[in-house]
Participant: 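The structure follows.
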Amino acid sequence: MKDENKKIEDLIIKFLTKEANLDEHRKLELWICNPKNETLFYEYIKTSAFINMTMGKYDTKGAKANIVNRIKKEKSNFRNNSKIKNIAKYASVAVISALLTAAFIFKDILFSSQSINTPVVVNSDIKPGTDKATLILEDGSAVVLEKGSSFQTQSMNSNGEQIVYEARGQKPKEIVYNILNIPRGGQFYLKLSDGTEVWLNSESQLKYPVAFLDGKTRKVELVYGEAYFNVSPSTEHQGAKFEVINNAQELEVLGTQFNIKAYKDESNIYTTLVEGKVQINTSSTKQILVANQQSNVSIVNNEISVQIVDVENEISWIKGIFSFKGKPLKDIMKVISRWYDVDIIFENKDLESIKFKGTLDKQQAIEEILSIMKSNSINNYEINDKTIIIK
């Protein structure tokens with residue numbers, strides 16, 4: 001029985017990572033159609049809060065449509081294979097297949113009777129990140145912003161989950177700065193006085209003018225961290241350019257949408273261009289980026305390298321998703337540690353370089369995230385208060 005469950009687990013993994021061939025799809029289909037197995041799934045998912053969260057009270061029609069669309073794509077991939085006879089048969093188990101996808105996240109619990117490496121969890125109260133920040137005003141005073149609070153000045157207002165600055169009728173004669181600090185376990189949305197939108201990720205700091213001077217370069221400083229910018233075009237601001245600076249590079253905006261990742265504990269700055277054009281300036285060189293390119297600036301020697309990237313993968317964090325494609329676990333766990341505000345220790349250092357591929361919801365419980373890792377990459381894990389040990 002244990003061997004049989006292992007084979008099914010392997011099929012599920014291949015199904016979710018789109019690596020299953022036609023025969024494997026059929027084997028999994030037959031297993032799902034077995035009334036005994038179908039009952040197992042339904043009994044299990046009834047206790048799963050994750051299903052309610054991701055599928056919205058069992059939206060069977062929506063789930064069926066999603067799976068049918070997926071099957072159609074797979075049919076196209078297999079269209080030269082003469083073994084395909086009846087795609088409609090897949091649709092008959094579409095709802096169960098959708099539930100299987102979600103239930104796989106809890107695979108370790110589902111097959112717990114065969115599990116030997118049970119994770120150890122002690123005094124854990126780890127929560128996903130949320131909208132929160134500390135605003136430092138021009139006079140040096142600090143205002144804590146979080147859900148349920150509100151704050152307002154002559155130039156801005158906040159509902160505790162975002163800040164919006166308004167262009168004032170009277171033009172400023174000098175630049176006055178505010179600073180926005182995003183802690184570990186936080187994120188925040190900011191709209192500058194010129195209409196530029198900024199999404200700030202966990203453990204980030206942005207320094208910016210309360211209002212910009214007419215006709216002068218609009219300049220903000222990403223002191224550290226990660227931010228996504230949707231810049232108001234210069235044509236709407238008397239031709240005034242927009243620049244983002246930090247300690248190792250200056251970015252001149254020739255387009256509108258881009259992402260900058262410049263964390264304090266990393267030796268490289270990554271700029272990903274979504275739309276338009278930007279120019280990266282360092283102390284020794286310049287580099288223009290076009291859409292779908294990412295620059296990598298070494299803080300050590302100021303060298304720049306450029307590569308084509310999957311933009312949606314790089315900016316998925318602003319949409320509430322972790323998207324990891326071939327990233328080493330060491331880098332992934334940095335992202336996890338910032339968002340969940342935890343310390344992560346690798347007991348087995350060899351695991352740091354193992355690469356993981358997957359898409360995760362940022363609102364998932366940390367145990368769910370680690371269970372997925374356990375089923376794919378790591379041997380086991382331990383949670384003790386705010387510390388996670390990867391084994």
Side-chain angles (χ1 to χ4, degrees), residues 129-138 140 142-146 162-163 175 177-192 196-210 218-231 242-253 257-274 278-284 287 289 294-305 309 314-318 322 327 330-344 362 386:
T130 187
D131 298 318
K132 58 183 176 181
T134 299
L135 175 65
I136 309 299
L137 300 173
E138 54 268 30
V143 180
V144 176
L145 304 173
E146 57 188 358
Q162 63 178 23
I163 298 177
I175 295 289
Y177 290 95
N178 281 178
I179 298 174
L180 194 61
N181 289 322
I182 316 302
R184 282 161 59 100
Q187 63 181 10
F188 219 76
Y189 169 82
L190 167 68
K191 187 173 184 179
L192 300 175
T196 293
E197 297 178 288
V198 187
W199 288 260
L200 287 157
N201 207 347
S202 302
E203 202 171 12
S204 301
Q205 183 181 100
L206 185 73
K207 181 179 180 180
Y208 55 92
V210 171
R218 297 167 290 158
K219 186 177 293 187
V220 302
E221 180 181 2
L222 181 61
V223 183
Y224 57 82
E226 184 170 19
Y228 180 86
F229 292 83
N230 185 4
V231 177
F242 193 97
E243 292 184 357
V244 182
I245 64 172
N246 56 35
N247 65 335
Q249 72 173 31
E250 293 185 6
L251 184 147
E252 181 180 339
V253 179
Q257 299 184 44
F258 55 93
N259 190 85
I260 302 178
K261 184 179 179 182
Y263 279 104
K264 292 184 292 185
D265 59 351
E266 296 183 6
S267 58
N268 299 80
I269 299 174
Y270 300 92
T271 302
T272 306
L273 186 61
V274 178
V278 298
Q279 178 172 296
I280 309 294
N281 301 321
T282 71
S283 59
S284 59
Q287 177 69 51
L289 298 183
Q294 181 185 78
S295 66
N296 179 349
V297 175
S298 170
I299 296 176
V300 177
N301 55 27
N302 289 323
E303 290 184 355
I304 301 178
S305 61
V309 295
E314 297 296 323
I315 67 171
S316 64
W317 66 270
I318 71 171
F322 292 127
K327 297 283 187 180
K330 182 178 181 180
D331 293 346
I332 291 172
M333 288 307 175
K334 283 184 179 180
V335 175
I336 299 297
S337 67
R338 294 181 188 122
W339 181 240
Y340 289 89
D341 188 17
V342 295
D343 295 320
I344 296 179
K362 289 176 66 177
K386 301 282 281 186

Participant: Glu314 versus Asn259: any side-chain heavy-atom pair under 4.5 Å?
Facilitator: no
Participant: Is there a side-chain contact between Val220 and Pro209 (heavy atoms, below 4.5 Å)?
Facilitator: yes
Participant: Is any side-chain heavy atom of Asn178 closer than 4.5 Å to one of Leu137?
Facilitator: yes
Participant: Taking all non-hydrogen atoms of both residues into account, name the closest pair between Ile304 and Gln287 and its distance.
Facilitator: CD1-CB, 3.9 Å
Participant: Taking all non-hydrogen atoms of both residues into account, name the closest pair between Tyr340 and Lys386 and its distance.
Facilitator: O-NZ, 3.6 Å
Participant: What distance separates Glu146 CD from Thr134 OG1, expressed to the nearest 0.5 Å?
Facilitator: 9.0 Å
Participant: Return the CG to CD distance between Asn181 and Gln205, rounded to the nearest 0.5 Å.
Facilitator: 4.0 Å
Participant: With sequence neighbours excluded, tell me which residues meet side-chain contact (heavy atoms from CB on, under 4.5 Å) with Tyr189.
Facilitator: Gln162, Lys191, Glu197, Trp199
Participant: As a test of understanding, state which of Trp339, Phe322, Tyr228 forms a side chain to side chain contact (heavy atoms under 4.5 Å, CB included) with Trp317.
Facilitator: Tyr228
Participant: Grab the two heavy atoms, one from Ile182 and one from Gln187, that are nearest each other, plus how far apart they are.
Facilitator: CG2-N, 3.5 Å
Participant: State the CG-CG distance between Leu251 and Leu289, to the nearest 0.5 angstrom.
Facilitator: 7.5 Å
Participant: Ignoring hydrogens and geometry beyond distance, is a side-chain donor-acceptor pair present between Glu221 and Asn246 at under 3.5 Å?
Facilitator: no
Participant: Examine the side chains of Thr271 and Gln249 and answer whether a donor and an acceptor come within less than 3.5 Å of each other.
Facilitator: yes
Participant: Please walk me through it: do Tyr208 and Leu190 pass side chain to side chain contact (heavy atoms under 4.5 Å, CB included)?
Facilitator: CA-CA 11 Å; Tyr208 55 92; Leu190 167 68; 3.8 Å; yes
Participant: How far apart are the closest heavy atoms of Asp265 and Arg338, and which atoms are they?
Facilitator: OD1-NH2, 3.0 Å
Participant: Check salt bridge (charged side-chain N to carboxylate O under 4.0 Å, His left out) between Lys219 and all other residues, then give those that pass, not counting sequence neighbours.
Facilitator: Glu243
Participant: Indicate the atoms forming the closest heavy-atom contact of Asn268 with Ser298, along with that distance.
Facilitator: ND2-CA, 3.8 Å
Participant: Roughly how far, to the nearest 0.5 Å, is the CD atom of Gln294 from the CZ atom of Phe258?
Facilitator: 14.0 Å
Participant: Does any N or O in the side chain of Arg184 come within less than 3.5 Å of the main-chain N or O of Val342, such that one atom is a donor and the other an acceptor?
Facilitator: yes
Participant: Compare all side-chain heavy atoms of Leu206 with those of Phe229 and state whether any distance is below 4.5 angstrom.
Facilitator: yes
Participant: Is there a side-chain contact between Asn230 and Val274, using heavy atoms and a 4.5 Å cut-off?
Facilitator: no
Participant: Do side-chain atoms of Ser204 reach the backbone of Ser202 as a donor and acceptor pair under 3.5 angstrom?
Facilitator: yes
Participant: Could you state the interatomic distance from CD (Gln257) to OG1 (Thr272), rounded to the nearest 0.5 Å?
Facilitator: 13.0 Å
Participant: Kindly compute the distance separating CZ (Phe188) from OG1 (Thr130), expressed to the nearest 0.5 Å.
Facilitator: 10.0 Å
Participant: Regarding Lys334 and Glu226, does a basic nitrogen lie under 4.0 Å from an acidic carboxylate oxygen?
Facilitator: no
Participant: Are Tyr263 and Asn201 side-chain neighbours, meaning at least one heavy-atom pair lies under 4.5 Å?
Facilitator: yes
Participant: Side chains of Ser283 and Asn302: any donor to acceptor distance under 3.5 Å?
Facilitator: yes
Participant: Do you know the tightest heavy-atom contact between Ala227 and Val198?
Facilitator: CB-CG1, 4.1 Å
